[in-house]
Protein chains: 2
Amino acid sequence: MRAQSETPRSRPTLNEVAAAAGVSRATAARALGEYGYVHSATRANVREAAERLGNRPHRIARSMVTGRTQTIGFVGADMENPFFGRTMAGILDVARSGGYEVIITNTQEDPELERRAVRVLHERQVDGVIFTPAQFGDASQLRRLADEGVPIVLVDRSIRGLAADAVLIDNVRAARSGVVRLIELGHARIGLITNDLGGDPVARLRETALDPTHASTGAARGVGYLAALQGAGLPIDPALIAPTARFTREAAAEAAGRLLGLRVRPTAILTVDNVLTLGAFEAIQRSGLEFPEQISLLGFDDLDWTTIVRPTLSVIAQPGYDIGATAARRLLARLDHEDSPGQVLFLDTELIERESTTNAPNTVVPTPTTRRRTR
Amino acid sequence: MRAQSETPRSRPTLNEVAAAAGVSRATAARALGEYGYVHSATRANVREAAERLGNRPHRIARSMVTGRTQTIGFVGADMENPFFGRTMAGILDVARSGGYEVIITNTQEDPELERRAVRVLHERQVDGVIFTPAQFGDASQLRRLADEGVPIVLVDRSIRGLAADAVLIDNVRAARSGVVRLIELGHARIGLITNDLGGDPVARLRETALDPTHASTGAARGVGYLAALQGAGLPIDPALIAPTARFTREAAAEAAGRLLGLRVRPTAILTVDNVLTLGAFEAIQRSGLEFPEQISLLGFDDLDWTTIVRPTLSVIAQPGYDIGATAARRLLARLDHEDSPGQVLFLDTELIERESTTNAPNTVVPTPTTRRRTR
DNA sequence: TTGAAAGCGCTAACAT
DNA sequence: ATGTTAGCGCTTTCAA
């Protein structure tokens, strides 16, 4: 029992309501819980008593017997990133309207925190989990959850080999189409700023994108970048791939600085995430280059500031809110006993061309395009 | 019991662990729950059995008897706003390290959703609540919670008359010091973009800031604006106060447009929130005015894009993460039976002067200041 | 140091 | 339509 300085009058239970209404506990429960048969007069009577006494259902007790908590968990990798903020908003809205509450945990891409988060959610008997795998996490804990029949929906990143629904964008395709467009604009030397995977960038990029346990969106987007170059018959120059030590703005600014300092510098840069974009933008501003005339920039995520910077920022937009809302709907469907094989849903991305991507220097204008969708 | 297509082998309970270890349930509980006396050999034995069977504590059952859920609720007004994202991150970090989980609800400033959120958290027996009051919510539901001894910490906005801790910034003071600085820079006609309160702006601003049930940061900041003008002996011109119908970028852009279209337009504008700032920034860009030479802009919240826009944006920075972390620490202290009168903590804000605030047109340079703290 | 027994507040068979 | 009974999985007296 909680105690505080005042009188912590504890709440009246169903027992007391039943007594006050002169019925059995079971009847009172039926009247209040909206199940089974109750005479309407009895119901009114019980409700009145409950109201008068200030009774509220004790959901913990209810969970105890039903085995359901009406709670889902959301394990996010980086809650301060606005992209996740949108995803979370989508999840919260759908969950609430379905009668579920959401426990949020922030793993900060730390596999240890991630394991703990899953374990705790498990112990708390959540009915289902929406999960953003950390870049280098392991899925064993999650698998135990799944084995016990707790539905899981992966979001933003997938884990191959886990029988779960997933709501994703096609990162390879999205990045590829962005780079294809840069190539159309005449760019041949295109830089890539992505998270460091260690070792030879090109090889690691490919390995990582194929490695089920890594779940790196950055790697997948890097693969899209490679695919676009290859598709256009352009050479892949490892010097143009600038890995960042951490997923921070500062690291990205440094990586961009490296690219801009090359003897033959790129004429365009793709960044795989909105934080990295911010750093690259900053580095380009500082470089003194004509922007975008001498250097184009294409980022990920259509955040609200992209239209007030100069040049306005071209981006590959992801539907953050929808990703969350869709994931939550998937989960609720499972909780409502939908029983189908795990579905992988790809949501549309959109290449939004603004001012930061323009023709490569000394290039003739290609066919004009303004907005195009990628699936 | 949950069921899914596979074999949903349900978890072994304490009973089974006890049986396997050849001890009573009570002893097993003591060994696993780290309380009471257990022989170390017994404990090892029980632990081994628990490990082998894959037993995990059933926290719902534990809550049932202890009366504590190790869960806190966070009722946020606008989870998509990056400011709340930071606050939430602070809450999550502190809560986790204290062994608490967090249920997040998003009220979207809707009083009805807010009431529901509090009721549901109550029913779910959260141990405490961190609460951002909606602008026009009512506190009755919250008061019932408090009356039952559930500790509450208010964040960002206060509700006078509620015996609860609060973690705030001094909105009046922060806004006042910002406007004082603008006045130092020679500005005499300073516009204000804030949320609409209905009726005569000046009067409503004052009423609202004093009205315990409104909890509007916008109003408090507006009062700071008025105070600064009065303190400097400047006239208050209602035409310079531009209320926005909603708390959106578009509404702010429109409001800013109105200010810029005045026959004698302001030479500086204060916006009371980062979303409104975005709209004002956009409107100024569109207006064709020299920015900041002809019009200064001062916003709230030091978001990451403020340094890449041109001119870079001067802001009144709030410590979003700290606000959350501090609120969570307050709450955990209460949950740890700290029993003191409700504390109202004011965290420091900082006026960060960048390029968007400059001397008023035709004004001699005043004493240079770069950064100053306000309490 | 351990065990037996009671019970947290509720729902769900089953009986009436 | 209502009541009786038996738990859900755990903690917590109390006694041994």
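First the proteins, then the strands, lettered A, B, ... as listed; each starts at 1. All values derive from a computational prediction rather than experimental measurement.
For B:Y37 and D:dA15, the OH to P distance is 18 Å, given to the nearest whole Å. In this structure, A:E34 places its CD atom 17 Å from C1' of D:dA1, rounding to the nearest Å. Rounded to an integer number of Å, the gap from B:H122 NE2 to C:dG9 P is 13 Å. In this structure, the CZ atom of B:R68 is 17 Å from the C1' atom of D:dT12, given to the nearest Å. Taking atom NE2 of A:H39 as the reference point, atom P of D:dG3 lies 13 Å away to the nearest angstrom. One atom, CZ of B:R30, and another, P of D:dG9, lie 20 Å apart when rounded to the nearest Å. The distance between atom CE of A:M64 and atom C1' of C:dC10, rounded to the nearest whole Å, is 10 Å. In this structure, CZ of B:R11 is placed 13 Å from C1' of D:dC10, rounded to the nearest angstrom.
Here the CG atom belonging to B:L92 is positioned 11.0 Å from the OG1 atom belonging to A:T107, to the nearest 0.5 angstrom.
Contact check on A:R116 versus B:E101 returns no salt bridge, with no Lys/Arg side-chain nitrogen under 4.0 Å from an Asp/Glu carboxylate oxygen. Salt bridge B:R144/B:E148: absent, no basic N to carboxylate O contact under 4.0 Å. Between B:R119 and B:E123, at least one side-chain N (NZ, or NE/NH1/NH2) sits under 4.0 Å from a carboxylate O, which counts as a salt bridge. With salt bridges taken as basic N to acidic carboxylate O contacts below 4.0 Å, none links B:E114 and B:R157. A salt bridge links B:E338 to B:R330: at least one charged side-chain nitrogen sits closer than 4.0 Å to a carboxylate oxygen. By the 4.0 Å N-to-carboxylate-O rule, A:D138 lies close enough to A:R115 to be salt-bridged with it. Using a 4.0 Å cut-off between charged side-chain N and carboxylate O, B:E48 and B:R52 make a salt bridge.
Proximity of A:E16 to A:N55: side-chain heavy atoms (C-beta onward) are nowhere separated by under 4.5 Å.
Here the nucleotide nearest the side chain of A:V65, chosen from C:dT11, D:dT11, C:dT2, is C:dT11.
For residues 41-62 of chain B, proximity to DNA chain C is found at B:T42, defined as any non-hydrogen atom under 4.0 angstrom from a strand atom. Only A:V23, A:S24, A:R25, A:A26, A:T27, listed by number, bring a heavy atom of residues 14-27 of chain A to less than 4.0 angstrom from any atom of DNA chain D.
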